[in-house]
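Report on the following structure.
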2 protein chains.
Amino acid sequence: MNQPTIQEAIKVACSNCNLRELCMPVGFDSEDMQKLDEVVATRRRVKQGDLLFANGEAFTSLFAIRTGFFKTCISAADGREQVTGFQMAGEIIGLDGIVSDFHSCNAIALEDAEVCVMPFANIEDLSREFPLLQRHMHKVMSREIVRENGVMMLLGNMRAEERLAAFLLNLVQRLHARGLSQTEIVLRMTREEIGSYLGLKLETVSRAFSKFSDEGILEVKQRYVRIIDPEALKKIFNPQTYC
Amino acid sequence: MNQPTIQEAIKVACSNCNLRELCMPVGFDSEDMQKLDEVVATRRRVKQGDLLFANGEAFTSLFAIRTGFFKTCISAADGREQVTGFQMAGEIIGLDGIVSDFHSCNAIALEDAEVCVMPFANIEDLSREFPLLQRHMHKVMSREIVRENGVMMLLGNMRAEERLAAFLLNLVQRLHARGLSQTEIVLRMTREEIGSYLGLKLETVSRAFSKFSDEGILEVKQRYVRIIDPEALKKIFNPQTYC
DNA sequence: ATCTAGCATTGACGCAAATCAACATAAATG
DNA sequence: CATTTATGTTGATTTGCGTCAATGCTAGAT
């Protein structure tokens, strides 16, 4: 689990990457885009279940996910775990490490994955040269702060079914932005991992899925989920908007 | 409540500010420090109960707190509120606005306060010029991400008394870093605001205070709190570290 | 000094989710 | 193929916190 994953010295180019609009700022001419390719040093493959980085590990790079699906989690001294996020293609992972030069969470691949390794020194150097990149990085970090604010609302104020509805709506929205279905999901995480993220036990997550299924809102077959009635889901997520 | 607070055109200098080590990077020579003063455009006073900025308001500036105490909170469509943080002197507030150019939370002064207005354009311009400032801003944002990760652990995994213990320990630690007592606090927020931050109802917060008081861990008189037994508090916050 | 409004404390009771437990299903392995 | 292991579902019961309600405390207003 903890052995270093293979560093692959394949030079890759953001300029040719179909995920560029997700990871990188827009508005560059092709000449600047060439220079921007320098943020990515290498790619790295991470097998399902393996760590991309671990709590306590030295921070050197951010990672842009090319393929695959990750979870980040922190654990208390007594072993309790909290999943702090699920990350998919085009998203940036590793921001937690900047403040102390050490990572403060574990990033684990939930399926075989490939990431672009972006040494943070490169990012900072190029950010000083390219205001568009600087702005982009600021937005990436601010977006993460705002996302976590939303999770706090979820954990502090919502009941189990509201949390699951919010989670599913967020997930399909992000998948849809990547060209996937708005209604069909194959979950990459277990009920326990969903529960950890949502501050619930796995049984409660399972029951909420079953309830939604009984009510005709979802079709659920283990990891496969189809949203039959998205409006009903939105109504559960935020009742007041609809009543 | 919502009328704009007075913009004061007092030119102030970070170079002479006793909070500089909290807000600003260290390691500048006096010449660079002069240029760095340009990040702060003006100061602004905010009265107790008034908004520093509001959800939906255009984002233009970050704010460094000179004096006073703030809360930030978000509210759902149905009125449920979540306090996302409490901020004190030397801390930076407003990072939520960067991603969308609009603030996504309310920042409310819990006591009369004064802030340094730092137009974000100034920060970005000077960050390109001064790597130390650039690094500092990245750390400020990363620190906020890591803080929120910790709050997620709190909200997702901990019981009421653990949450309150964690909250109090965090508060005294930050106050102590500002030269105040490690053991005595005068809370700036109500039981309801503490509860909102911790995902609890005000009655539960009050009961936890009373329990700690009964057990001889705290002395509690309304907003005044004295920590009699810090070790016991740490033990509650994280049992496994001590057993 | 007295009144008032906002905040805090405490008790009784109810409920949503946790816990405990049994079983079902699917994927992994020999 | 059968067997093991991980994951998921469902039911019965418990419990920690929420809800509702009454009362107390304190600061500021008059």
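Remember, predicted model here, so these are calculated numbers, not experimental data. Each chain gets a letter, A, B and so on, in the order its sequence line appears, and its residues count up from 1.
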If you measure from the Lys or Arg side-chain nitrogens to the Asp or Glu carboxylate oxygens, is any gap between B/E91 and B/R178 under 4.0 Å?
yes
Please check if the side chain of B/E184 supplies one atom and the backbone of B/S181 the other of a donor-acceptor pair under 3.5 Å.
no
End-to-end axis angle, where each axis spans five pairs of the helix from C/dA1-D/dT30 to C/dG30-D/dC1, to 10°:
40°
Between C/dA27 (P) and A/E111 (CD): distance, integer Å:
15 Å
SB check A/E114 A/R44 (cutoff 4.0 Å):
no
Ignoring hydrogens and geometry, is there a side-chain-to-backbone donor-acceptor pair from B/N157 to A/E81 under 3.5 Å?
yes
Lys/Arg cation over aromatic A/F209: A/R191, 6.0 Å, 45° cone:
yes
Along nucleotides 7-20 of chain C, 5' to 3', which nucleotides get a B, which get an S, and which get a -, given that the test is a protein heavy-atom distance under 4.0 Å?
SSBBBB---SSSBB
Which heavy atom of A/C17 sits nearest a heavy atom of A/R66, and at what distance?
SG-NH1, 3.7 Å
How about A/N55 and A/F102: do any of their side-chain heavy atoms sit closer than 4.5 Å?
no
Does this structure show an ion pair linking B/E203 with B/R207, if we count only N-O contacts that are shorter than 4.0 Å?
no
Using a heavy-atom cut-off of 4.0 Å to chain A, what are the terminal contacting nucleotides of DNA chain D, in 5' to 3' order?
D/dT7 to D/dA12
Test: B/E162 and A/R80 ion pair at under 4.0 Å
yes
Do A/Y197 and B/M152 have side chains that get closer than 4.5 Å, going by heavy atoms?
yes
